[in-house]
Amino acid sequence: MTTPAPIRLLLADDHPVVRAGLRAVLDSEPGFRVVAEAATAERAVSLAATGEFDVVLMDLQFGAGMHGSQATAAITAQPGAPRVLILTTYDSDADILAAVEAGAAGYLLKDAPPEELAAAVRTAAAGRSALAPAVAHRLMDRMRTPAEALTKRELEVLQLVGEGLSNLQISKRLFLSQATVKSHLVHIYAKLGVDSRTSAVAAATARRLIRR
């Protein structure tokens, strides 16, 4: 009986300690082989294109460089691309939706126990979706109340409001007109039941729709 080929892994995270911890956990799992590490999202995209990996474990924040969701989209757009499993500390709707839309095969939080991480890697490698229970619950909540849920674009606008950007700055960042940004804010206020930017950010942060 032949032994199955190991699942080849790429670890993409800008913190060396996190990568070392992941490598220690995953190298101890039968059938896993950590082939390489990437400290930037750009490096992860470059390595993933070599065809040497089955699963990429992708962080979302990489300092000033490319965002993890952008890297995920770049990787999954390639033919024969490895599966991308998001591994992050963030569980806001804005982050989850961006990652899923980018083509992530799964979304796991960094406080997941080692056995849950290993199971998610195997699930992703097998071509199935691997979502942390809390993440799946948030997506289900959005599906149950679609009229009340903020759209991905509304979440993007609100995230930038939370970062202190003006309407003009948001319009330039998202390539929208200022009138469109204002329209999104009107819809956001109505859905959240608020009447100001400050109240909208506070309400969205409390509900974990965006992160601060």
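Being a predicted model, the structure only gives us computed values, none of them experimental.
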Heavy atoms, side chains only, cut-off 4.5 Å: are K191 and T151 in contact? yes

Are side-chain heavy atoms of L9 and L22 found at a separation under 4.5 Å? no

Partner of R211 by side chain to side chain donor-acceptor pair (under 3.5 Å), out of T89, D93, D95: D95

Please report the closest heavy-atom contact between A204 and L158, naming both atoms and the distance. CB-CD2, 3.3 Å

With clusters defined by side-chain heavy atoms of hydrophobic residues (ILVMFWY) lying less than 4.5 Å apart, directly or transitively, does L108 cluster with V34? yes

Tell me, do L174 and L160 make a side-chain contact under 4.5 Å, heavy atoms counted? yes

Please determine whether residues F62 and I96 belong to a single hydrophobic cluster, defined as Ile, Leu, Val, Met, Phe, Trp and Tyr linked transitively by side-chain heavy-atom distances below 4.5 Å. yes

Let me check something: do V56 and V100 share a hydrophobic cluster, defined by ILVMFWY side-chain heavy atoms less than 4.5 Å apart, either directly or through other members? yes

Checking Q169 side chain against S166 main chain: does a donor-acceptor pair fall under 3.5 Å? yes

Name the atoms and distances for all side-chain donor-acceptor pairs under 3.5 Å in residues 178-187, with sequence neighbours left out.
{"from": "T180", "atom 1": "OG1", "to": "S177", "atom 2": "OG", "distance (Å)": "2.8"}
{"from": "H187", "atom 1": "ND1", "to": "S183", "atom 2": "O", "distance (Å)": "3.4"}

Distance in Å, L131 CG paired with L109 CG, rounded so as to fall on 0.5 Å steps: 10.5 Å

Short question: side chain of Y90, backbone of I210 - any donor-acceptor pair under 3.5 Å? no

Does the side chain of L60 reach to within under 4.5 Å of the side chain of Y107, using non-hydrogen atoms? yes

Side-chain contact test, heavy atoms from C-beta onward, threshold under 4.5 Å: evaluate it for L87 versus V18 and give yes or no. no

For residues 64-81, which residue pairs pass the salt bridge (charged side-chain N to carboxylate O under 4.0 Å, His left out) check, not counting sequence neighbours? none

Could you list the residues that satisfy side chain to side chain contact (heavy atoms under 4.5 Å, CB included) with R19, not counting sequence neighbours? D13, P16, E37, A39

List the atom of I170, the atom of V157, and the distance in Å for their closest heavy-atom pair. CD1-O, 4.0 Å

Side chain of T76, backbone of A102: donor and acceptor closer than 3.5 Å? yes

A side-chain contact here means heavy atoms from C-beta on lying under 4.5 Å apart; do F32 and I7 qualify? yes

Between P82 and A48, the two heavy atoms sitting closest are CD-O, 3.9 Å

If you group Ile, Leu, Val, Met, Phe, Trp and Tyr by side-chain heavy-atom gaps below 4.5 Å, do L85 and L11 land in one group? yes

Donor-acceptor pair, T205 side chain versus V201 backbone, under 3.5 Å? yes

Shortest non-hydrogen contact between G68 and M58, atoms and distance: O-CG, 3.9 Å

The complete set of salt bridge (charged side-chain N to carboxylate O under 4.0 Å, His left out) pairs with one or both residues in residues 165-175, sequence neighbours excluded, reads none

Identify the two heavy atoms, one from I188 and one from A200, that lie closest to each other, and give their separation to 0.1 Å. CG2-CB, 4.4 Å

Sort and list the pairs that fulfil side chain to side chain donor-acceptor pair (under 3.5 Å) and have at least one residue in residues 48-57, not counting sequence neighbours. R8-D54

Is a side-chain donor or acceptor of H15 paired with a backbone partner of V17 at a separation under 3.5 angstrom? no

Distance from L57 atom CG to K110 atom NZ, nearest 0.5 Å? 10.5 Å

Could you tell me whether R43 atom CZ has more than 12 heavy atoms of other residues or ligands within 6.0 Å of it? no

Which atom of L209 lies closest to which atom of S92, heavy atoms considered: O-CB, 3.7 Å

Do Q159 and E163 have side-chain heavy atoms sitting under 4.5 Å apart? yes

Kindly write out the residues that satisfy salt bridge (Lys or Arg N to Asp or Glu O under 4.0 Å) with R122, not counting sequence neighbours, or none if the list is empty. E29

State plainly whether one hydrophobic cluster holds both F53 and I86, where clusters connect Ile, Leu, Val, Met, Phe, Trp and Tyr through side-chain heavy atoms under 4.5 angstrom apart. yes

Could you check whether any side-chain N or O of R83 sits under 3.5 Å from a backbone N or O of A124, counting only pairs where one atom can act as donor and the other as acceptor? yes

Quick one: does any side-chain atom of R138 pair with a main-chain N or O of R208 as donor and acceptor, under 3.5 Å? yes

